[in-house]
Visitor: 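What follows is a structure written as structure tokens; I'll ask about it next.
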Protein chains: 2
Amino acid sequence: MQKYRNIGIKLTPQRLAVLEFLEGNKSHPSAEDIYRAVKNRYPMISLATVYNILETLKEKGLVQELNIDPSKKRFDPDTSSHHHLICMGCGKVIDISMDYSPHIPETAIQGFEVKRVHLELYGLCQDCREK
Amino acid sequence: MQKYRNIGIKLTPQRLAVLEFLEGNKSHPSAEDIYRAVKNRYPMISLATVYNILETLKEKGLVQELNIDPSKKRFDPDTSSHHHLICMGCGKVIDISMDYSPHIPETAIQGFEVKRVHLELYGLCQDCREK
DNA sequence: TCTAATTTAATAAACATTATCATATTAGAA
DNA sequence: TTCTAATATGATAATGTTTATTAAATTAGA
């Protein structure tokens with residue numbers, strides 16, 4: 001993939017496989033999820049390598065680490081400002097693509113330089129409400 | 001403490017110690033933090049008990065579990081709608097007590113019944129900006 | 001093609017959290 | 001107040017996730 005030539009990392013088959021899996025992925029996978037998916041095509045890949053790659057991609061701004069799941073990290077290739085609906089019933093996570101970030105007055109921010117706004121809406125999805 | 005009589009749990013010294021430590025606490029402590037603090041006064045307490053107690057208090061709505069730290073759970077006795085400033089430099093977490101939750105249109109919510117809104121502002125605190 | 005720097009894979013280690021279960025304690029009944 | 005069933009605790013094992021270690025393999029540029 002020529003598109004990854006200029007991001008300043010060595011291109012390895014493992015990295016390309018992870019990038020390819022993540023591209024456009026809306027499932028907010030964990031490291032383990034990514035490992036399992038990539039392993040199908042590159043059975044020699046190691047879980048440690050997936051962790052290494054995710055750390056590298058995070059530093060390069062190509063993925064975002066999400067703290068939406070208390071038991072493990074989740075990763076999102078969408079690094080734009082967007083938010084998440086999280087179902088407390090089934091754990092499903094759905095993107096809200098529009099940016100509804102509120103404007104917080106300077107006085108409330110106490111000198112912080114805000115870089116990123118995360119908004120999570122916890123609740124029950126349609127399916128879980130019906131149960 | 002008479003105030004805890006009617007919350008539907010047995011009152012034990014361990015539970016009272018944890019409740020007392022958490023009351024009004026703005027430090028967003030982890031289970032380990034709580035364990036260390038309570039251990040000073042009740043040296044016989046076990047870390048497993050602290051986890052049990054936190055789980056119970058969460059079920060009773062007396063504490064909130066926060067997913068602001070990827071490496072561990074943090075707990076907050078303030079269960080009202082409030083938000084957090086998180087410093088990417090030093091890890092400090094500061095409350096924003098006012099409720100700036102945006103109103104998200106029904107169409108964006110896709111049938112979700114939203115129970116709780118979490119807003120996290122990641123950035124650099126005054127101290128870390130100066131470095 | 002060669003080589004220095006980097007990456008990978010396998011595995012061990014480190015943490016945080018949960019599970020297990022015998023013993024101790026609580027709260028309400030008698 | 002005493003008794004007892006239900007529940008909580010504490011010690012420790014087990015689990016699951018993530019990080020550290022390091023020899024061997026691979027990449028990218030000279």
Side-chain angles (χ1 to χ4, degrees), chain A residues 1-21 28-60 62-76 91, chain B residues 1-21 28-60 62-76 91:
Chain A
M1 302 283 184
Q2 302 305 93
K3 67 204 292 197
Y4 297 123
R5 270 289 157 68
N6 300 315
I7 56 180
I9 59 174
K10 284 190 182 174
L11 294 184
T12 66
Q14 294 87 342
R15 284 177 172 174
L16 288 170
V18 170
L19 282 165
E20 192 178 335
F21 172 71
H28 313 87
S30 66
E32 179 75 31
D33 294 333
I34 296 166
Y35 171 62
R36 276 201 307 272
V38 170
K39 206 177 160 72
N40 286 332
R41 300 186 52 191
Y42 297 87
M44 73 298 291
I45 200 171
S46 151
L47 178 58
T49 298
V50 172
Y51 274 102
N52 286 338
I53 291 173
L54 288 168
E55 183 60 31
T56 302
L57 297 182
K58 200 171 68 176
E59 282 165 13
K60 295 293 174 184
L62 295 173
V63 300
Q64 204 180 348
E65 184 183 302
L66 302 180
N67 293 339
I68 52 182
D69 184 338
S71 70
K72 53 178 135 16
K73 294 176 181 172
R74 304 283 212 94
F75 296 88
D76 193 338
Chain B
M1 302 283 184
Q2 302 305 94
K3 68 201 299 194
Y4 298 121
R5 271 289 157 70
N6 300 317
I7 56 178
I9 59 174
K10 285 188 183 175
L11 294 184
T12 65
Q14 294 88 340
R15 284 176 173 176
L16 288 171
V18 169
L19 282 165
E20 192 177 335
F21 172 72
H28 314 87
S30 66
E32 179 75 31
D33 293 335
I34 296 166
Y35 172 62
R36 276 201 308 273
V38 170
K39 206 176 161 74
N40 287 331
R41 299 186 53 191
Y42 298 87
M44 74 298 292
I45 200 171
S46 151
L47 177 58
T49 299
V50 172
Y51 275 101
N52 286 339
I53 291 173
L54 288 169
E55 183 60 29
T56 302
L57 297 182
K58 200 171 68 176
E59 281 165 13
K60 295 293 174 184
L62 295 173
V63 301
Q64 203 180 348
E65 184 183 302
L66 303 179
N67 293 341
I68 52 182
D69 185 337
S71 70
K72 52 179 137 11
K73 294 176 182 173
R74 304 282 212 95
F75 296 89
D76 193 338

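Model, not experiment: these values are computed from the prediction. The chains referred to below are lettered A, B, ... by the order of the sequence lines, with proteins before strands, and numbering in each begins at 1.
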Visitor: Give me the atom names and distance for the closest heavy-atom approach of A/Asp76 to A/His28.
Guide: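 Closest heavy-atom pair between A/Asp76 and A/His28: OD2-CD2, 3.4 Å.
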Visitor: Which distance, rounded to the nearest 0.5 Å, do you find between the CD of A/Glu65 and the CD of A/Glu55?
Guide: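 A/Glu65 atom CD to A/Glu55 atom CD measures 7.5 Å (nearest 0.5 Å).
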Visitor: So does B/Lys10 reach the base of D/dA6 with its side chain, donor to acceptor, closer than 3.5 Å?
Guide: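 A donor-acceptor contact between them is present.
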Visitor: Once you round it to whole Å, what is the distance between P of D/dG16 and CG of A/Leu47?
Guide: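 Answer to the nearest Å: 14 Å.
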Visitor: Measure the distance from CD1 on B/Ile45 to P on D/dA11 and round it to the nearest whole Å.
Guide: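 For the pair B/Ile45 CD1 and D/dA11 P, the rounded distance is 11 Å.
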Visitor: Counting only side-chain nitrogens and oxygens, does A/Tyr51 get under 4.0 Å of the OP1 or OP2 atom of D/dT18?
Guide: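 Checking D/dT18 against A/Tyr51, a side-chain N or O does come within under 4.0 Å of OP1 or OP2.
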Visitor: Can you identify which nucleotide, out of D/dT27, C/dA27, D/dG10, has its nearest atom closest to the A/Thr12 side chain?
Guide: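 Of the options given, the side chain of A/Thr12 lies nearest D/dT27.
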Visitor: Please answer whether the main-chain N or O of A/Lys10 pairs with a side-chain N or O of A/Arg15 as donor and acceptor at a distance below 3.5 Å.
Guide: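 It does hold such a pair.
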Visitor: Hey, which of these two, A/Asn52 or B/Phe75, hits DNA chain C nearer its 5' end, going by closest nucleotide?
Guide: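 In this pair, the answer is A/Asn52.
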Visitor: Between A/Leu57 and A/Ile9, which heavy-atom pair has the shortest distance, and what is it?
Guide: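 Smallest interatomic distance, heavy atoms only, reads CD2-CD1, 4.3 Å.
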Visitor: Within this structure, what is the CG-CG distance for the pair B/Leu11 and B/Leu16, rounded to the nearest 0.5 Å?
Guide: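 If we round to the nearest 0.5 Å, B/Leu11:CG and B/Leu16:CG are 5.0 Å apart.
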Visitor: Given B/Ile53, which partner from the list B/Val18, B/Leu62, B/Leu19 fulfils the side chain to side chain contact (heavy atoms under 4.5 Å, CB included) test?
Guide: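 One option only clears the test, and that one is B/Val18.
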Visitor: Heavy atoms only: give me the nearest B/Ile45-B/Tyr35 pair and the separation to one decimal.
Guide: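 Minimum heavy-atom contact is O-CE1, 3.4 Å.
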Visitor: Just the table, please: protein N/O against nucleotides 11-13 of chain C N/O, every pair under 3.5 Å.
Guide:
none

Visitor: Rounded to whole Å, how long is the line connecting atom CD of A/Glu59 with atom C1' of C/dT7?
Guide: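 About 14 Å, once rounded to whole Å.
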Visitor: Within less than 4.0 Å of OP1 or OP2 of C/dA9, is there a side-chain N or O belonging to A/Thr49?
Guide: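 Answer yes for this pair, as a side-chain N or O of A/Thr49 is under 4.0 Å from OP1 or OP2.
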Visitor: Would you say B/Gln14 reaches C/dT25's phosphate, i.e. side-chain N/O to OP1/OP2 under 4.0 Å?
Guide: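 For B/Gln14, the contact criterion (side-chain N or O under 4.0 Å from OP1 or OP2 of C/dT25) is not met.
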Visitor: Between B/Val50 and A/Arg74, which is nearer to the 5' end of DNA chain D once each is assigned its nearest nucleotide?
Guide: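 Upstream on the strand: B/Val50.
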Visitor: Quantified as the angle between the terminal helix axes (five pairs each), what is the overall bend of the helix from C/dT1-D/dA30 to C/dA30-D/dT1 to 10 degrees?
Guide: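 About 30°, once rounded to a multiple of 10°.
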Visitor: On a heavy-atom basis, which atom in B/Val50 and which in B/Ala31 lie closest, and how many Å separate them?
Guide: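 Smallest interatomic distance, heavy atoms only, reads CG1-O, 3.7 Å.
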Visitor: Would you mind reading off the distance between B/Arg36 atom CZ and C/dA16 atom C1', rounded to a whole angstrom?
Guide: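 Computing the B/Arg36:CZ to C/dA16:C1' distance gives 13 Å.
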Visitor: To the nearest Å, give me how far apart CD (A/Glu32) and P (D/dT15) are.
Guide: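 It works out to 16 Å between those atoms.
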Visitor: Send over the distance from B/Tyr42 OH to C/dA24 C1', rounded to a whole Å.
Guide: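 Atom-to-atom, B/Tyr42 to C/dA24, this comes out as 17 Å.
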Visitor: Given D/dT27, C/dT7, C/dT26, which nucleotide is nearest the side-chain atoms of B/Pro13?
Guide: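 For the B/Pro13 side chain, the nearest candidate turns out to be C/dT26.
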Visitor: From CG of A/Leu54 over to P of D/dT17, roughly how many Å is that when rounded to an integer?
Guide: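 Whole-Å distance recorded here is 14 Å.
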Visitor: Between A/Phe21 and A/Pro29, what is the shortest heavy-atom contact and its length?
Guide: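 A/Phe21 and A/Pro29 have their closest heavy atoms at CE2-CG, 4.1 Å.
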Visitor: How many Å lie between CD1 on A/Ile9 and P on C/dT7, as a whole number?
Guide: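 One finds 8 Å between P of C/dT7 and CD1 of A/Ile9, rounded.
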Visitor: Might you point out which heavy atoms bring B/Ser30 and B/Lys72 nearest each other, and give the distance in Å?
Guide: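 The answer is CB-CD, 3.5 Å.
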Visitor: Mind listing the residues from residues 63-72 of chain A sitting with a heavy atom below 4.0 Å of DNA chain D? Number order is fine.
Guide: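 Going residue by residue through residues 63-72 of chain A, the ones with a heavy atom under 4.0 Å of DNA chain D turn out to be A/Ser71, A/Lys72.
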Visitor: Test your reading of the model: is there a side-chain donor-acceptor pair from A/Arg74 to the backbone of A/Leu66, 3.5 Å cut-off?
Guide: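 Judged by distance alone, no pair lies under 3.5 Å.
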